[in-house]
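Quick notes on the structure that follows.
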Amino acid sequence: MAKLLLLTGASGALGRWIAPALAERGYALRLSDISDFPDPLPENATFIRADLADTAAVAELVKDSSVVLHFGGISTERHWSDIIGANVVGTVNIFEAAKTQGQRVVFASSNHTIGFYPRGAMLDSTDPYRPDGYYALSKAWGELLGRMMYDKHGLESVHLRIGSAVPDPVETRHLSTWFSQPDIMRALIAAIEAPVTGHCVVWGVSANAERWWQNDDADRIGFVPQDHAEDHGPLAPETDPIARRFQGASFAAQDFTRGNLDDPA
Ligand code: NAI
Ligand code: 15L
């Protein structure tokens, strides 16, 4: 029988193309979001509207699924009080519900967990967090929650630290951060189908020549990216000097008030 995947954030930019792509590969889908799914439902898919901050509703969503793909939540920098409910409480609700039946969680984490590293710095997935805002902190929280859930309860999770998941690269930074749609599907299938994952952190980035990220747990799930941002060009340069300096770009630049950039890191 086909695996039943729960996909949160199904009505979002990524959810709307991940859902039909997973359906085409034969998975049964339980889609969920706080907003209605705007497209015709893919084959073998149902949709349940729910707020991730609603503990009981999330428990029902997760129940009897095979794997949870947790893509729901706020996906940009916002006031911390908005982020707490959807991203912090919401992600606890997902992991606590998964703990009951032992579903693996695939978490849509973000490059913004390390957004305050300078551009060009080559990072391993084990390098210390340098979150570039409250959104980024909520993603670091999700990764650490997964770490604790595995160490304490043996609950598996795969944390995809996604760079820029856009159909085509459109700015210079994307030469480093782009994550193509086919590569996202490769990563998701690997995360769903790997016999064992433990807790792992995998850079969600294509095989870009100028990528800044290396040495992660991709081998453990058998994910090999194949696409290259440099095949798409030329790309527009960014103008904001703060954004240009940091890996997290505009997220790092938002509400940036540190005066002297020459102070110690
Ligand atoms: P998006 O903002 O288009 O989709 C997120 C979805 O979550 C929306 O449909 C929204 O209605 C839903 N949502 C928000 N609050 C909710 C709540 N309280 N309860 C239930 N659903 C709620 O974002 P996108 O681009 O599709 O990203 C999907 C995931 O991947 C997000 O978690 C994002 O942080 C992560 N990600 C995306 C990247 C990208 O390049 N698109 C890069 C890094 C991470
Ligand atoms: C993210 O985490 C955001 O959700 C997405 O909208 C992009 O801005 C992406 O990072 C990025 O860094 O390009």
Side-chain angles (χ1 to χ4, degrees), residues 6-19 21 31-39 47-55 57-58 61-62 68-78 81-94 105-117 119 131-143 158-181 183-184 187-188 201-206 208 211-213 229 235 238 243 246-254:
L6 168 63
L7 175 64
T8 69
S11 307
L14 297 191
R16 286 177 67 185
W17 64 261
I18 288 172
L31 307 177
S32 185
D33 202 288
I34 202 166
S35 303
D36 286 335
F37 192 69
D39 307 319
F47 178 83
I48 302 172
R49 190 175 167 142
D51 184 344
L52 287 162
D54 180 338
T55 306
V58 171
L61 285 181
V62 171
V68 176
L69 308 179
H70 182 36
F71 278 65
I74 289 170
S75 63
T76 53
E77 184 61 346
R78 293 253 285 271
S81 57
D82 294 329
I83 288 175
I84 296 288
N87 291 20
V88 177
V89 177
T91 303
V92 176
N93 283 339
I94 289 285
V105 178
V106 180
F107 178 57
S109 185
S110 171
N111 71 89
H112 294 286
T113 53
I114 47 81
F116 266 129
Y117 281 95
R119 292 200 190 194
D132 58 25
Y134 285 101
Y135 162 71
L137 271 172
S138 76
K139 294 297 186 181
W141 159 262
E143 291 188 7
V158 177
H159 301 261
L160 283 180
R161 256 191 213 166
I162 301 173
S164 303
V166 285
D168 293 300
V170 293
E171 59 184 32
T172 307
R173 173 174 171 266
H174 291 164
L175 289 170
S176 304
T177 62
W178 187 54
F179 196 23
S180 75
Q181 293 184 342
D183 279 339
I184 294 184
L188 284 180
V201 178
V202 175
W203 294 113
V205 69
S206 287
N208 310 324
R211 57 186 278 174
W212 301 315
W213 309 320
L235 300 175
E238 299 132 284
F246 296 111
Q247 297 196 4
S250 62
F251 284 52
Q254 189 171 330

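As the structure lists them, so they are numbered: ligands from 1, and atoms in each ligand from 1.
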Just verifying a value: how many Å separate [X] [atom1] and [Y] [atom2], rounded to the nearest 0.5 Å?
{"X": "Asp132", "Y": "Gln247", "atom1": "CG", "atom2": "CD", "value": "10.0 Å"}
{"X": "Gln254", "Y": "Arg78", "atom1": "CD", "atom2": "CZ", "value": "10.5 Å"}
{"X": "Ile162", "Y": "Lys139", "atom1": "CD1", "atom2": "NZ", "value": "7.5 Å"}

Which of the ligand 1 atoms, numbered from 1, are nearer than 4.0 Å to a heavy atom of [X]:
{"X": "Asp51", "value": "17 (C), 18 (N), 19 (N)"}
{"X": "Ala86", "value": "15 (N), 18 (N)"}
{"X": "Ser75", "value": "1 (P), 2 (O), 23 (O), 33 (C), 34 (O)"}
{"X": "Gly72", "value": "7 (O)"}
{"X": "Tyr135", "value": "33 (C), 34 (O), 36 (N), 44 (C)"}
{"X": "Ser35", "value": "11 (O)"}
{"X": "Gly9", "value": "6 (C), 7 (O)"}

Looking at ligand 1, does any of its N/O atoms fall within less than 3.5 Å of an N/O of [X]?
{"X": "Ala53", "answer": "no"}
{"X": "Ser110", "answer": "no"}
{"X": "Leu14", "answer": "yes"}
{"X": "Leu52", "answer": "yes"}
{"X": "Gly12", "answer": "yes"}
{"X": "Ser109", "answer": "no"}
{"X": "Ser164", "answer": "no"}
{"X": "Gly73", "answer": "yes"}
{"X": "Asn111", "answer": "no"}

Taking the non-hydrogen atoms of [X], is any one of them nearer than 4.0 angstrom to ligand 1?
{"X": "Phe179", "answer": "no"}
{"X": "Gly85", "answer": "no"}
{"X": "Ala50", "answer": "yes"}
{"X": "Lys139", "answer": "yes"}

Starting from [atom], locate the nearest protein heavy atom and write down its residue, its atom name and how far away it is, to 0.1 Å.
{"atom": "atom 30 (O) of ligand 1", "value": "Ala108 CB, 3.4 Å"}
{"atom": "atom 38 (C) of ligand 1", "value": "Ile162 CG2, 3.9 Å"}
{"atom": "atom 11 (O) of ligand 1", "value": "Asp33 OD1, 2.6 Å"}
{"atom": "atom 13 (O) of ligand 2", "value": "Ser164 OG, 2.6 Å"}
{"atom": "atom 42 (C) of ligand 1", "value": "Gly163 O, 3.2 Å"}
{"atom": "atom 6 (O) of ligand 2", "value": "Ser75 O, 3.9 Å"}
{"atom": "atom 29 (C) of ligand 1", "value": "Phe71 O, 3.1 Å"}
{"atom": "atom 40 (O) of ligand 1", "value": "Ala165 N, 2.8 Å"}
{"atom": "atom 3 (O) of ligand 1", "value": "Ala13 N, 2.9 Å"}
{"atom": "atom 21 (N) of ligand 1", "value": "Ile34 N, 3.3 Å"}

At a 4.0 Å threshold, what atoms of ligand 2 neighbour a non-hydrogen atom of [X]?
{"X": "Tyr135", "result": "1 (C), 2 (O), 3 (C), 4 (O)"}
{"X": "Phe251", "result": "3 (C), 8 (O)"}
{"X": "Gly163", "result": "9 (C), 10 (O), 11 (C), 12 (O), 13 (O)"}
{"X": "His112", "result": "1 (C), 2 (O), 9 (C), 10 (O), 11 (C), 12 (O)"}
{"X": "Asn111", "result": "10 (O), 11 (C), 12 (O)"}

Any side-chain heavy-atom pair from [X] and [Y] closer than 4.5 angstrom?
{"X": "Val89", "Y": "Ile84", "answer": "yes"}
{"X": "Phe179", "Y": "Leu14", "answer": "no"}
{"X": "Glu77", "Y": "Tyr134", "answer": "yes"}
{"X": "Phe47", "Y": "Asp36", "answer": "yes"}
{"X": "Asn111", "Y": "Trp212", "answer": "no"}
{"X": "Arg161", "Y": "Val205", "answer": "no"}
{"X": "Leu235", "Y": "Trp178", "answer": "no"}
{"X": "Leu160", "Y": "Ile184", "answer": "no"}

- prompt: Angle class for the His159/Phe107 ring planes (parallel below 30°, perpendicular above 60°, tilted otherwise)?
  reply: perpendicular

task: Give the ring-plane orientation class for Phe116 versus Phe246, where under 30° counts as parallel, over 60° as perpendicular and anything between as tilted.
output: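 Taking Phe246 first and then Phe116, their aromatic rings stand perpendicular (interplane angle over 60°).
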
query: Backbone N or O of Ile48 within a donor-acceptor pair of the Ser32 side chain at under 3.5 Å?
result: yes

field: Stepwise side chain to side chain contact (heavy atoms under 4.5 Å, CB included) check, Arg173 with Ser164
entry: CA-CA 9 Å; Arg173 173 174 171 266; Ser164 303; 3.4 Å; yes

message: Against ligand 2, does Arg173 come closer than 4.0 Å with any heavy atom?
response: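 Checking ligand 2 against Arg173, which is what was asked, there is a heavy-atom contact under 4.0 Å.
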
- request: Could you please spell out the steps behind the side chain to side chain contact (heavy atoms under 4.5 Å, CB included) verdict for Arg16 and Phe37?
  value: CA-CA 8 Å; Arg16 286 177 67 185; Phe37 192 69; 4.3 Å; yes

- prompt: So which heavy atom on Ser206 is nearest to which on Asp183, and how close?
  reply: OG-OD2, 2.7 Å

- request: Might you check, step by step, whether the distance between atom 11 (C) of ligand 2 and some protein heavy atom is under 4.0 Å?
  value: yes

query: Any N or O of His174 that comes nearer than 3.5 Å to an N or O of ligand 2?
result: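 Not met; the criterion fails.
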
